[in-house]
Amino acid sequence: ETSDAMEDLIATGSENVLNAAEVKTLAELQTALASGVKVIELAADIEATNVIAITRSVTINGNGNTLYTSVNRAIRIEEGGINVVINNLKIVSSYAADANYLYGISINSGLSNSALTLNNCEIQFTYNTTLDNTYAVNIVGGTGHKLTVNGGVYEGEYTDGKRSGEGNMFFSDGSNY
């Protein structure tokens, strides 16, 4: 939940002096991601019918809202060297088609040095017997990535996935993978 002062300065779907945007629809979210605002505030649950591509550093404040997705990936980081922070967002998949892989959030293959921080998020990409691999978070390819997880619930056949040399995963309990 945003403060009253912040609420007064956030303009729906547009930039402002704080370089923030409040969004209520998938179209507004995609516009905000394309516009370059630094902070995106979700003000409602959103239904995603396509992958949400992130190509730059950004903070997404879910404010307890849910991103429902009907595709095999909810969020895909598509550029290396960026810093993505996601706070208090629930991501739920309803993807039902047969596929080999299902991802809540993924970092694209071949990228390097991206950082993803998840604070008190919940990702529900539950296992479907027709799917070979379901991941709450997946880092595929590249080197030097950093995943930091502080609180939350992450469900999938595999909670996280990374191949040797692709980066580090840090968890709020101090463990490192």
(request) Sort and list the pairs that fulfil salt bridge (Lys or Arg N to Asp or Glu O under 4.0 Å) and have at least one residue in residues 77-88, not counting sequence neighbours. (result) R76-E78
Can you see which heavy atom on [X] is nearest to which on [Y], and at what distance?
X    : Y   : value
N83  : S57 : N-OG, 2.9 Å
A43  : K24 : CB-CG, 3.8 Å
S114 : G80 : OG-CA, 3.3 Å

(message) In the structure I gave you, are the side-chain heavy atoms of Q124 and T66 within less than 4.5 Å of one another anywhere?
(response) no
(request) Would you check if T49 and L26 make a side-chain contact, meaning some heavy-atom pair closer than 4.5 Å? (result) yes
In Å and rounded to the nearest 0.5 Å, what is the [atom1] to [atom2] distance from [X] to [Y]?
X    : Y    : atom1 : atom2 : answer
D45  : L89  : CG    : CG    : 9.5 Å
E47  : L67  : CD    : CG    : 8.5 Å
L116 : I77  : CG    : CD1   : 4.5 Å
N113 : K146 : CG    : NZ    : 12.0 Å
I52  : L33  : CD1   : CG    : 7.5 Å
N119 : N87  : CG    : CG    : 4.5 Å

(request) Only counting residues at least two apart or in another chain, list the ones meeting side-chain contact (heavy atoms from CB on, under 4.5 Å) with V71. (result) V51, T69
(request) Check side-chain contact (heavy atoms from CB on, under 4.5 Å) between N120 and all other residues, then give those that pass, not counting sequence neighbours. (result) none
Main-chain N/O of [Y] paired to [X] side chain as donor or acceptor, under 3.5 Å:
X    : Y    : result
N63  : L42  : yes
T148 : T117 : no
R56  : A34  : no

(request) Verify the cluster assignment for I75 and I82: are they in a single hydrophobic cluster under the rule of side-chain heavy atoms below 4.5 Å apart? (result) yes
(request) Answer yes if V58 and I91 sit in the same cluster of Ile, Leu, Val, Met, Phe, Trp and Tyr residues linked by side chain heavy atoms under 4.5 Å apart, and no otherwise. (result) yes
(message) Before you tell me yes or no, could you show the steps for E28 and I46 under side chain to side chain contact (heavy atoms under 4.5 Å, CB included), namely the whole-Å CA-CA distance, both residues' side-chain angles and the distance that decides it to 0.1 Å?
(response) CA-CA 10 Å; E28 289 177 349; I46 293 177; over 6 Å; no
(message) Show, in sequence, the C-alpha distance, side-chain angles and deciding distance for I105 and I86, and conclude whether the side chain to side chain contact (heavy atoms under 4.5 Å, CB included) test is met.
(response) CA-CA 11 Å; I105 301 173; I86 301 175; 3.8 Å; yes
